[in-house]
Amino acid sequence: MRTVGVLALQGAFVEHIAALRKLGAETREIRLPEQLEGLDALVIPGGESTTIGKLLVTFNLLKELKNLARRGVPMFGTCAGMIVLARDTTQGYDQPLIGAMDIVVQRNGFGRQVDSFELDLPIPKLGEAPFRAIFIRAPYIEKLGEQVEAIAQLPDGRVVCARQENLLVSAFHPELTEDLRLHEYFLSMVPEH
Ligand code: GLN
């Protein structure tokens, strides 16, 4: 059995919990450092990255999560969660980040006019059927470090899903669809004990 924490300070954490439970994982809402004890993996949901970052500082979680990432605990960040895991944003705006993944992200990368859209995204790792990807004021990955593998790209080449060892990020919201394949892929990164 694996216990997957879902950061529950702000944003779309309920839907992640539902998806993980459907896949048979034990889940735990994370709001305080002591709740990280014995965790096998962590999901950082979408929401507002500046708010999530500030709350991480307020609840003394930022340093703890940096340590957890460094120790190799698998983490999955979606949308704002992807921003929080990134080493930087192109805006260079001073917001608290876990910063564990060697990517630079463009926040609100699709402009105001199309701030939300859906599309069938090919994700070869998940099989032949495309993934219905929902983007909501989404970021994209502008720069990828050498150890970062692009997992999905838009038709124009922008990277919207990537992995670096124990870290997985997506610019879209897999928890808002019925398709569990990306969560399943994440769980495959989590050793069972
Ligand atoms: N635009 C948000 C941010 O910059 C992310 C949006 C989302 O998570 N759906 O944090």
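Whatever order the structure lists ligands and atoms in, that order sets their numbers, starting from 1. Side chains included, hydrogens not; waters and symmetry mates left out as well; all remaining heavy atoms used. What you are looking at is a predicted structure, and each value in this text was computed from that prediction instead of being measured. Count residues from 1 along the sequence.
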Exactly one of Asn67, Val73, Leu68 should register a side chain to side chain contact (heavy atoms under 4.5 Å, CB included) with Leu36. Which one does?
Leu68
Are Thr78 and His16 linked by a side-chain donor-acceptor pair shorter than 3.5 Å?
yes
Kindly determine whether Glu48 and Arg107 satisfy salt bridge (Lys or Arg N to Asp or Glu O under 4.0 Å), including the steps that lead there.
CA-CA 10 Å; Glu48 181 54 46; Arg107 286 182 64 202; 2.8 Å; yes
Any side-chain donor paired with an acceptor under 3.5 Å for Arg132 and Thr177?
no
Using ring centroids (six-membered ring only for Trp), state whether His183 and Phe76 fall under 6.0 Å.
yes
Thr78 and ligand 1 - part of the residue with a heavy-atom distance under 4.0 Å
neither
If we count only N and O atoms by modelled type, under 3.5 Å, do the side chains of Thr90 and Gln106 hold a donor and an acceptor together?
yes
Relative to the heavy atoms of Ser49, which atoms of ligand 1 are at a distance of less than 4.0 Å?
3 (C), 4 (O), 10 (O)
Which of the atoms of ligand 1 are close to His173, meaning less than 4.0 Å from one of its heavy atoms?
7 (C), 9 (N)
Within-cut-off N or O pair, Asn108 and ligand 1, under 3.5 Å
yes
Where does Arg107 meet ligand 1, judged by heavy-atom distances below 4.0 Å: at the side chain, the backbone, both, or neither?
side chain
When the ring centroid of Phe135 is compared with that of Tyr140, is the distance short of 6.0 Å?
no
Please list, in number order, the atoms of ligand 1 under 4.0 Å from a heavy atom of Ile83.
3 (C), 4 (O), 10 (O)
Which atoms of ligand 1 have any heavy atom of Gly46 under 4.0 Å away?
8 (O)
N/O separation below 3.5 Å, Ile136 to ligand 1
yes
In the protein, what heavy atom is nearest to atom 5 (C) of ligand 1, and what distance, to one decimal place, separates them?
Gly47 O, 3.4 Å
Could you say whether the N/O atoms of Ala80 and ligand 1 ever approach to under 3.5 Å?
yes
Is it the case that the side chains of Gln95 and Thr89 hold a donor-acceptor pair, with the cut-off being a distance below 3.5 Å and no angle test?
no
Which of the ligand 1 atoms, numbered from 1, are nearer than 4.0 Å to a heavy atom of Cys79
5 (C), 6 (C), 7 (C), 8 (O), 9 (N)
